[in-house]
**Student:** 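I have a structure here, written as structure tokens, and I will follow up with some questions on it.
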Number of protein chains: 2
Amino acid sequence: MNYSVSEENYIKSIYHLQQQTATVTTNSLANELKTKPASVTDMLKKLQTKQLVEYEKYRGFKLNANGNKIAINIVRRHRLWEFFLVNKLGFEWDKVHEIAEELEHVSSIELIKRLDIFLNFPQTDPHGDPIPDTNGKIAFIKQLSLAEITVKKNVLVSSVSNQSPEMLEMLKHYHIGIGTSLKVTRHFTFDGSVEIKVSQYPSCIISEQVAKNIFVHHD
Amino acid sequence: MNYSVSEENYIKSIYHLQQQTATVTTNSLANELKTKPASVTDMLKKLQTKQLVEYEKYRGFKLNANGNKIAINIVRRHRLWEFFLVNKLGFEWDKVHEIAEELEHVSSIELIKRLDIFLNFPQTDPHGDPIPDTNGKIAFIKQLSLAEITVKKNVLVSSVSNQSPEMLEMLKHYHIGIGTSLKVTRHFTFDGSVEIKVSQYPSCIISEQVAKNIFVHHD
DNA sequence: ATTAAAATTTAGACAAATCTAAAAAAATAT
DNA sequence: ATATTTTTTTAGATTTGTCTAAATTTTAAT
């Protein structure tokens, strides 16, 4: 079956919100989609009759197995396109989200199959998030935030959970990107802020709020 | 300004029909878009208020300078994507039209700029049609159909004007594609049919109707 | 346990794009 | 030149996705 752009956006947003909370609320989804709660209720009834969500009035909702499969496929398309935009077209990693948001709705299955081959089966997108495979399997990547990391070990930045333009702007300022190698040199217990050292650049201090959003793995 | 997918499809279809007849009729456009004449009238009023067409009730219509510019830009996007699909993703040239039909509506200007660079500024799409440049300039390619060509000269197929799946199917059967080298070996004046010889393959005869749709240039 | 506040849903309206059926205009055929 | 056919437009309905405002349900507060 084929879904409209609007339906796909709802499915994708429910999926993303579910990563944080098992059940999604009308307000949070309206907020995520920059729409009104009433519109969310309308669309949810539709997705319910199409057997994509479990939905109980006033009780919140979540994707069922079917809806989940579709969501993961949209995520797959989105992340493959992001990889293409950065690694083939030379976009900066903080400029590709919007464009991938449009490209992900192009429906050809053959297109994505061939794109995957052309890109040589990438495992993660430019933000470090895993790209689901054809069967919807998502490689698990152990996620440790900078706030949790042991001091003085060299680590590689693997992903960033908050991808707002403001956050990405700031990361650029600190010279932090996916794959950046850095070292945590100090923890300040007073406010949870962290001193880090990115190779070649002087040490700098980032707030706990930021540190919590930067995930790394040991190299 | 930004246009809806539907608006863009109307603009593009008017553009294509204008290549054949200066003024387009409601019926022909409805037929091209597989919609109903009443819908065409509705949309035309809209395009008129948006200053994209010259339109007089019952009199037919055509794109104005503004509309033309937008149409050419859509054509540019379409043909760049077709080139990408064939030359990067390895699609067959007769399978890409539908997909490009979706990709062409992705609106980022930066995307198309970078795609053009990535593809190394291709001049023609996989069907041999010229790709308009950033300024909307379209390289003129002298078009001679197989029906007009002098016998016994070697020629290269440069484009095919009828791109219906049926036509493309048949061309594949005859081993004719863009860039194919062939020789016209005989003209039959009785019905206008033409005998051709594609290198390595036995001679074959194509009808005048087909010959008129295959354009070539001397090598 | 009521009451107040917040969240959610319903009811009814609207814009975009389409359709059918009927009316109007243009083209054609006698 | 008039009648017939074809083409085009209008009028009104429909679908999708959205909205506002009001009603309902749930949650939180006293």
Side-chain angles (χ1 to χ4, degrees), chain A residues 1-15 17-18 20-63 67 70-71 74 101-102 104-107, chain B residues 1-14 17-18 20-63 67 70-71 74 101-102 104-105 107:
Chain A
M1 194 173 266
N2 244 15
Y3 302 98
S4 73
V5 169
S6 194
E7 287 168 337
E8 288 195 349
N9 283 333
Y10 273 86
I11 295 166
K12 194 183 50 165
S13 289
I14 298 171
Y15 176 83
L17 290 173
Q18 275 188 159
Q20 293 155 323
T21 50
T23 270
V24 181
T25 68
T26 303
N27 261 359
S28 64
L29 185 51
N31 185 57
E32 176 88 2
L33 285 163
K34 270 142 197 191
T35 183
K36 297 288 175 286
S39 310
V40 170
T41 302
D42 288 344
M43 180 58 90
L44 264 142
K45 285 186 199 157
K46 205 176 146 191
L47 295 180
Q48 191 186 25
T49 62
K50 291 200 177 187
Q51 312 257 41
L52 298 171
V53 296
E54 279 167 40
Y55 168 52
E56 263 185 295
K57 261 183 168 190
Y58 294 102
R59 295 264 120 172
F61 40 84
K62 59 179 179 183
L63 295 173
I70 289 154
I74 300 167
E101 206 83 340
E102 285 190 67
E104 73 190 8
H105 300 295
V106 175
S107 60
Chain B
M1 192 175 264
N2 243 13
Y3 302 98
S4 73
V5 169
S6 194
E7 286 169 337
E8 287 195 348
N9 282 333
Y10 272 86
I11 294 166
K12 194 182 51 163
S13 288
I14 298 171
L17 289 173
Q18 274 186 37
Q20 294 155 322
T21 50
T23 269
V24 181
T25 67
T26 303
N27 262 358
S28 65
L29 186 50
N31 184 58
E32 177 89 1
L33 286 163
K34 270 144 198 191
T35 183
K36 296 288 177 288
S39 309
V40 171
T41 302
D42 289 344
M43 180 58 90
L44 264 143
K45 285 188 201 157
K46 205 175 146 192
L47 295 179
Q48 190 186 25
T49 62
K50 291 200 176 186
Q51 311 257 41
L52 298 171
V53 295
E54 280 168 38
Y55 168 52
E56 264 186 293
K57 261 186 171 184
Y58 294 102
R59 294 266 121 172
F61 41 84
K62 59 178 178 185
L63 296 172
I70 288 154
I74 300 167
E101 207 81 340
E102 285 191 66
E104 73 189 9
H105 300 295
S107 60

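Labels below follow one simple rule: chain letters A, B, ... track the order of the sequence lines, proteins then strands, and each chain is numbered from 1.
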**Student:** Rounded to whole Å, please give me the gap between CD in A:Glu7 and P in D:dT16.
**Tutor:** 9 Å
**Student:** May I have the distance from A:Asp42 (atom CG) to C:dT10 (atom P), rounded to whole angstrom?
**Tutor:** 9 Å
**Student:** Please name the residue in the list A:Met43, A:Glu32, A:Glu104 that meets the side chain to side chain contact (heavy atoms under 4.5 Å, CB included) test with A:Asn9.
**Tutor:** A:Glu104
**Student:** Do the side chains of A:Tyr15 and A:Ile70 get nearer than 4.5 Å, heavy atoms only?
**Tutor:**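 Of all side-chain heavy-atom pairs linking A:Tyr15 with A:Ile70, none is under 4.5 Å.
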**Student:** About how many Å separate CD1 of A:Ile14 and OG1 of A:Thr23, when rounded to the nearest 0.5 Å?
**Tutor:** 11.0 Å
**Student:** For A:Thr41, answer base if it contacts any base atom (sugar-phosphate contacts may also be present), sugar-phosphate if it contacts only those atoms, and nothing otherwise; contact means non-hydrogen atoms under 4.0 Å.
**Tutor:**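 Answer is base: heavy atoms of A:Thr41 come under 4.0 Å of a base.
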**Student:** I'd like to check B:Thr41 versus B:Tyr55 (side-chain heavy atoms, cut-off strictly below 4.5 Å). Are they in contact?
**Tutor:**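 In short, these two side chains touch, coming nearer than 4.5 Å.
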**Student:** Without decimals, in angstroms, what is the distance between A:Asn31 CG and C:dA7 P?
**Tutor:**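 Computing the A:Asn31:CG to C:dA7:P distance gives 11 Å.
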**Student:** Tell me: NZ of A:Lys45 to C1' of D:dT16, nearest whole Å?
**Tutor:**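 It is 15 Å, rounded to the nearest whole Å.
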**Student:** With nearest nucleotides of DNA chain D determined for A:Thr35 and B:Thr26 from heavy-atom distances, which residue corresponds to the more 5′ nucleotide?
**Tutor:** B:Thr26
**Student:** Rounding to an integer number of Å, can you tell me how far B:Lys36 NZ sits from C:dA21 P?
**Tutor:** 11 Å
**Student:** So, is B:Asn27 near the phosphate of D:dT8, with a side-chain N or O under 4.0 Å from OP1 or OP2?
**Tutor:** yes
**Student:** Indicate whether OP1 or OP2 belonging to C:dA7 is found under 4.0 Å from a side-chain N or O atom of A:Thr25.
**Tutor:**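 So the side-chain polar atoms of A:Thr25 never come under 4.0 Å of the phosphate oxygens OP1 or OP2 of C:dA7.
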**Student:** For a quick test of reading the model: is some side-chain N or O of A:Ser4 closer than 4.0 Å to OP1 or OP2 of D:dT16?
**Tutor:**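 Answer no for this pair, as no side-chain N or O of A:Ser4 is under 4.0 Å from OP1 or OP2.
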**Student:** Side-chain contact, heavy-atom cut-off 4.5 Å: A:Leu52 with A:Tyr10?
**Tutor:**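 SC-SC contact between A:Leu52 and A:Tyr10 ruled out.
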**Student:** If I take atom CE in residue B:Met43 and atom P in nucleotide C:dC19, what distance separates them, rounded to the nearest angstrom?
**Tutor:** 11 Å
**Student:** Under 4.5 Å between any side-chain heavy atoms of B:His105 and A:His105, yes or no?
**Tutor:**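 In short, these two side chains do not touch, never coming nearer than 4.5 Å.
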**Student:** Could you state the atom-to-atom distance from CG of B:Leu33 to C1' of C:dC19 in whole Å?
**Tutor:** 15 Å
**Student:** Please list, by residue number, the residues of residues 55-63 of chain B whose heavy atoms come closer than 4.0 Å to an atom of DNA chain D; answer none if no residue qualifies.
**Tutor:**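 Within this stretch, B:Tyr55, B:Lys57, B:Tyr58 sit under 4.0 Å of the strand.
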**Student:** Consider side chain to side chain contact (heavy atoms under 4.5 Å, CB included). Of A:Thr26, A:Leu47, A:Thr25, which one does A:Phe61 pass it with?
**Tutor:** A:Thr26
**Student:** Rounded off to whole Å, could you give me the OH-to-C1' distance for the A:Tyr10 and D:dT16 pair?
**Tutor:**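 Going from A:Tyr10 (OH) to D:dT16 (C1'), I get 12 Å.
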**Student:** Report which part of the nucleic acid A:Ser39 touches: base, sugar-phosphate, or nothing (heavy-atom distance under 4.0 Å, all strands).
**Tutor:** base
